[in-house]
Amino acid sequence: VADYLKAAGFTVERVAVADDIADKDLSAGYPPLSYDGRTCVAARVTGHAGGRSMHLSGHVDVVPAEREDRWTTGPWAGAIRDGRIYGRGAGDMKGGLAAYLIAAAAFLEVVGQPAGDLLFSSVIEEECTGNGMKAVLAAGYEADATLIGEPSGLQLQHAGVGVVWARLTARSSGAHPAFSSGSSVTRSMLAAVHALEDLEAVLNAHGTDRFFHEAFEQPYRLNVGAIHGGAWPSSEPVEMIARVRLGFGRDLSPATAQRLIASRLAEVAPDVDVDFEGFRADAYVDDLDHPLAAAVIEAHETIHGTVPSRRVLAGTTDARSVKGPCLCYGPSAGSIHGVDEWVDLASAHAVARCVALVLGRWQAPVGTVENG
Ligand SMILES: [Zn+2]
């Protein structure tokens, strides 16, 4: 990515995430123990005429593939079939990132130096903390408008729910069931999960932020993403760990969501410890009432002849961390986070065209551009 941006004319730097980011910013995620030298790539072309600035962004991190043997061609093959690229991260979101890189390079090739600053970032950690984008923004990559190439299916994605992660841990001394005291790590963990399912039902039934209910019947999902523990059918697990994710609306802060989780568990499964890790993400809604939305709608209409529909996500994106206008607009993708994830190539091509058009309209001094 850095090489591509350099060749396109960008000044490129590496942006590291501060290890203490979660102490200073209460909406930052809890970072891993070490970033191990992993950095974001951030790049800039300085505008020459005081035009409006634009930040194009995407994330390069991907979720694990779990059972690689269940993929038709393997998660890392990047196989092309029937107009799609299949692979982990093809849809979420290397396809959109690639489209944005091509759009930026094409735009610079045509205009030379833009009127306003053009910023580009390829960030880490979108899938677990959002700290990559936060670090890039703190390093001076705020712009008049930001576009993120998340796989929105050529729709204007402008909202996402809040998300927190929790790690539940239950422990025992690991007795043979014939000699155990009757307590069960597994039963405690199941009770804890059921308590969180009850909390999920309460949030979906009684949450006061009705915006997300207009898009989804059940916008706030609990996901038990991993359960580990135990070694033998005739031994009680010495330790069982469940890693969960819970969504919520703008009526809760991440800290309040964490408190609700902790108090439910204290009531129903007091022998299950809870720690918080990864996301502490606020729900967000962009009202689309700004020139960026108008520019994307106009460019999309030029290419497709129709106005793009609006899209709300029952998940989160890095858009929540951007202060000014920020939208997600990217290709069509499927099986996101799942087996045989894919991105549609024609839609990625259309995204590149659309974003290049947006850049043309956005950056040029008013009245100097006809038809992009
Ligand atoms: Zn993504």
Heavy atoms, side chains only, cut-off 4.5 Å: are Leu118 and Phe107 in contact?
-> yes
Residue that, paired with Leu101, satisfies side chain to side chain contact (heavy atoms under 4.5 Å, CB included) out of Val355, Leu5, Leu56 = Leu5
Can you tell me if Asp340 and Thr72 form a side-chain donor-acceptor pair at under 3.5 Å?
-> yes
For Tyr141 and Arg44, run side chain to side chain contact (heavy atoms under 4.5 Å, CB included): C-alpha distance rounded to whole Å, both residues' side-chain angles, the deciding distance at 0.1 Å, then the answer.
-> CA-CA 8 Å; Tyr141 288 80; Arg44 174 189 303 271; 4.2 Å; yes
With the side chain counted from C-beta on, respond yes when Asp286 and Leu288 share a heavy-atom pair under 4.5 Å apart, and no when they do not.
-> yes
If you draw a 6.0 Å radius around CD in Glu301, do more than 12 non-hydrogen atoms from other residues or ligands fall strictly inside?
-> yes
Is the CZ atom of Arg67 crowded by more than 12 outside heavy atoms at less than 6.0 Å?
-> no
Pairwise side-chain contact, Leu168 with Leu196, heavy-atom cut-off 4.5 Å (strictly under) = yes
Measure the shortest side-chain to side-chain distance between Val351 and Leu154 over non-hydrogen atoms and say whether it is less than 4.5 angstrom.
-> yes
Electrostatic pair Arg88:Glu68 at N-O distance under 4.0 angstrom | no
State, to 0.1 Å, how close Glu236 and Ser184 come at their nearest heavy-atom pair, and which atoms those are.
-> OE2-CA, 3.1 Å
Is there a side-chain hydrogen bond (donor to acceptor under 3.5 Å, both in side chains) between Ser27 and Arg320 once you walk through the steps?
-> CA-CA 10 Å; Ser27 66; Arg320 71 180 180 278; over 6 Å; no
Extract all donor-acceptor atom pairs below 3.5 Å that involve side chains of residues 221-232 and protein atoms in other chains or at least two apart in sequence.
unit_1 : atom_1 : unit_2 : atom_2 : d
Arg221 : NE     : Gln218 : O      : 2.9

Please check if atom NE2 in His48 has more than 12 non-hydrogen atoms from other residues, nucleotides or ligands closer than 6.0 Å.
-> yes
Residues Ala2 and Arg14: closest non-hydrogen pair is CB-NH2, 4.3 Å
Report, as yes or no, whether the 6.0 Å neighbourhood of atom CZ on Arg70 holds more than 12 heavy atoms from other residues, nucleotides or ligands.
-> no
State, yes or no, whether a side-chain contact exists between Tyr4 and Ile102 at a heavy-atom distance under 4.5 Å.
-> yes
Answer yes or no: is there a side-chain heavy-atom contact under 4.5 Å between Pro331 and Asp344?
-> no
Do Ser122 and Leu97 come close enough that some side-chain heavy atom pair is under 4.5 Å?
-> yes
Can you check ring-ring contact (aromatic ring centres under 6.0 Å, His included) on Tyr220 and His213, steps first, answer last?
-> CA-CA 9 Å; Tyr220 312 128; His213 285 275; 5.5 Å; yes
Evaluate the ring planes of Tyr86 and Trp342, with Trp represented by its six-membered ring, and classify them as parallel (under 30°), tilted (30 to 60°) or perpendicular (over 60°).
-> tilted
Pair Asp198-Arg264, side chain to side chain contact (heavy atoms under 4.5 Å, CB included): steps then yes or no = CA-CA 9 Å; Asp198 289 345; Arg264 288 263 162 174; 3.8 Å; yes
Looking only at heavy atoms, the pair that brings Lys134 and Ile21 closest together is CB-CD1, 4.0 Å
Report yes if some heavy atom in the side chain of Val322 is under 4.5 Å from a heavy atom in the side chain of Asp318; otherwise report no.
-> no
Worked verdict on Ser57 versus Tyr100 for side-chain hydrogen bond (donor to acceptor under 3.5 Å, both in side chains) | CA-CA 8 Å; Ser57 185; Tyr100 277 29; over 6 Å; no
What's the shortest heavy-atom distance between Ser309 and Gln155, and which atoms?
-> OG-NE2, 3.0 Å
Which residues share a salt bridge (Lys or Arg N to Asp or Glu O under 4.0 Å) with Asp273, sequence neighbours left out | Arg171
Short N-O contact, Asp82 and Arg84, less than 4.0 angstrom | no
Taking side-chain contact (heavy atoms from CB on, under 4.5 Å) as the test, write out the residues that go with Arg38, two or more places apart.
-> Pro32, Tyr35, Ile124, Glu125
